[in-house]
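Just so it is clear: chains get the letters A, B, ... in the order the sequence lines come, proteins before strands, and each one is counted from 1.
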There are 2 protein chains.
Amino acid sequence: MSLEHALLGFLSYSPMTGYELKQHFDQSIYHFWNANLSQIYPALSRMKEEGLLTMEVEHQEDRPNRKVYTITDAGREALQRWLVTPLPPGQVREAWLIQIFFAHFQSNDEIVSLLEARMDAMRARLAVCRTEIQAAIDQNAAQSGVERASQLWQITLDYGIAHYETQLAWLEQTLARVRKLPPLTPPKP
Amino acid sequence: MSLEHALLGFLSYSPMTGYELKQHFDQSIYHFWNANLSQIYPALSRMKEEGLLTMEVEHQEDRPNRKVYTITDAGREALQRWLVTPLPPGQVREAWLIQIFFAHFQSNDEIVSLLEARMDAMRARLAVCRTEIQAAIDQNAAQSGVERASQLWQITLDYGIAHYETQLAWLEQTLARVRKLPPLTPPKP
DNA sequence: CGAACCATGTAATTGGTTACATGATTGT
DNA sequence: ACAATCATGTAACCAATTACATGGTTCG
């Protein structure tokens, strides 16, 4: 359902093709939601069948025809309704924590390696938020008339930044903690 | 894959039935990974076929027979290998942030409501971590011989606590920010 | 008297990822 | 020469959720 509503959201700005929608996903909400083209195209067809969108074909000679989707009144209503409906919070799923949980037969160094690998990944993501996405927001904010939208975008980015900062803080702290853990009494089998 | 390895992890403690495994999921790692019985039972059969587990039937008269699964050497090796393999960090998926992102036509009050609903949910989860799961860990730690395991469990719980605290801090801060947002210039259509 | 516990599963559906397929144009 | 951009899709697969099915025992 979320994918569909994100598509409606972008199409509420202006009519677009599936390809362009994908670019919007990549450029603005990638840090908390992503979608593949192979997911977007069938979703658009479905939504057209449901009357949430209309489609017009723009003929092109050299490349495949562009299919430009436009949101309908029914689509706007569906979006509107969804936007004010609180969603049940999803189940947390952090597979790497399973590794920590069952690491009692691993050496402290092995656990440290896992944590360090994760730190690298989290640092990289934090950097993307701070540079690329921030730049996109700033550029967008410069064009006036969209201040409210820019501020909401910034709010979601700040969520991402806070999230990754927490991850890193926790990892740092856990690293110190694991280094001090008494080593395993029975050595590895 | 993670489900399978979590099952191997619990079975590395002692042989168990699918039903008992589910209880372990619910009591110790629910805050970062969960599984349904309808997922666990077929997974166990599969893993038995793959030679990671063996199974023995305990006959019972009044209830369905218990199928007790035991980890094999191959299972221990597979677990061991997985436990030291860094996992690629998963894509963040926070559907409710889509709602914030596209809320520029919603009133500030409507956005505030969404945030407050989420705050309630996050407070509830934080409370579960601080009370129920903490109690389970403390109880487990009291039985000596498992200190290392208890400490790793505590580490994963502290992750959960830090996560929910960050959520709440961000929500609090965002609430204040949204209340100050200049209201929408064009009133709702 | 109904809910929760014990104990097993299958089937259907949903949502997402990966692989496959096509093909011209533009930039390095 | 090779990768990236534009532009569309289909098909297979995987993981997780929900619904369905069965049925006795114990607790409030």
Side-chain angles (χ1 to χ4, degrees), chain A residues 1-8 15-27 29-30 32-50 53 55-69 82 87-96 98, chain B residues 1-8 15-27 29-30 32-50 53 55-69 82 87-96 98:
Chain A
M1 293 280 91
S2 301
L3 168 69
E4 268 92 335
H5 291 101
L7 293 170
L8 287 175
M16 261 180 274
T17 67
Y19 191 86
E20 288 168 328
L21 281 160
K22 167 62 173 162
Q23 291 178 321
H24 275 82
F25 271 84
D26 287 346
Q27 285 157 27
I29 63 172
Y30 186 85
F32 61 89
W33 197 271
N34 192 29
N36 302 314
L37 280 169
S38 60
Q39 230 189 324
I40 292 173
Y41 289 128
L44 291 170
S45 315
R46 240 183 294 133
M47 290 159 78
K48 190 193 136 197
E49 294 312 305
E50 288 166 16
L53 307 175
M55 189 264 283
E56 271 175 78
V57 179
E58 270 183 30
H59 290 278
Q60 298 192 135
E61 279 159 31
D62 46 347
R63 5 193 107 186
N65 294 332
R66 287 159 49 84
K67 295 192 174 176
V68 180
Y69 289 90
W82 183 80
L87 300 175
Q91 164 76 30
V92 177
R93 281 192 182 276
E94 301 281 6
W96 59 281
I98 302 176
Chain B
M1 293 282 92
S2 301
L3 169 69
E4 268 92 337
H5 292 101
L7 293 170
L8 287 175
M16 258 180 275
T17 67
Y19 191 86
E20 288 168 329
L21 281 160
K22 167 62 174 163
Q23 291 179 320
H24 275 83
F25 271 84
D26 287 347
Q27 285 158 25
I29 64 172
Y30 186 86
F32 63 88
W33 197 272
N34 193 28
N36 301 316
L37 279 170
S38 60
Q39 231 190 322
I40 292 173
Y41 289 128
L44 291 171
S45 316
R46 240 183 293 130
M47 292 160 75
K48 190 193 135 197
E49 293 313 304
E50 288 165 16
L53 307 175
M55 188 263 283
E56 272 175 79
V57 180
E58 271 183 29
H59 290 278
Q60 300 192 133
E61 278 159 32
D62 46 347
R63 0 194 112 186
N65 294 332
R66 289 160 49 85
K67 295 192 174 175
V68 180
Y69 290 91
W82 183 81
L87 300 174
Q91 164 76 33
V92 177
R93 283 191 180 276
E94 300 281 5
W96 60 281
I98 302 176

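Residue A:Gln60 places at least one side-chain N or O closer than 4.0 Å to OP1 or OP2 of D:dA7. Look at A:Asn36 and you won't find any side-chain N or O under 4.0 angstrom from OP1 or OP2 of C:dG16.
For the pair B:Leu37 and B:Arg93, nearest-nucleotide mapping onto DNA chain C gives the more 5' position to B:Leu37.
The residue A:Gln23 sits close only to the backbone: its heavy atoms come under 4.0 Å of sugar-phosphate atoms, none of a base. As judged by a 4.0 angstrom heavy-atom cut-off over every strand, B:Glu58 is placed among residues making no nucleic acid contact. B:Thr17 comes within contact range of the sugar-phosphate backbone alone, with a heavy-atom separation under 4.0 Å but no base atom that close. Within 4.0 Å (heavy atoms only), B:Gln91 reaches no atom of the nucleic acid at all.
Set against C:dT17, D:dT18, D:dA15, the side chain of B:Gln39 has D:dA15 as its closest nucleotide. Comparing C:dT8, C:dG16, D:dT10 by their nearest atom to the side chain of B:Lys67 picks out C:dT8. The A:Tyr41 side chain lies nearest to D:dA7 when the options are D:dA16, C:dT8, D:dA7.
C:dG15 atom C1' lies 13 Å from atom CZ of A:Phe25, rounded to whole Å. Atom-to-atom, CD1 of A:Ile40 to P of D:dG9 comes out at 12 Å; the value is rounded to the nearest Å. Per the geometry, NZ belonging to B:Lys22 stands 15 Å off C1' belonging to C:dA4, to the nearest Å.
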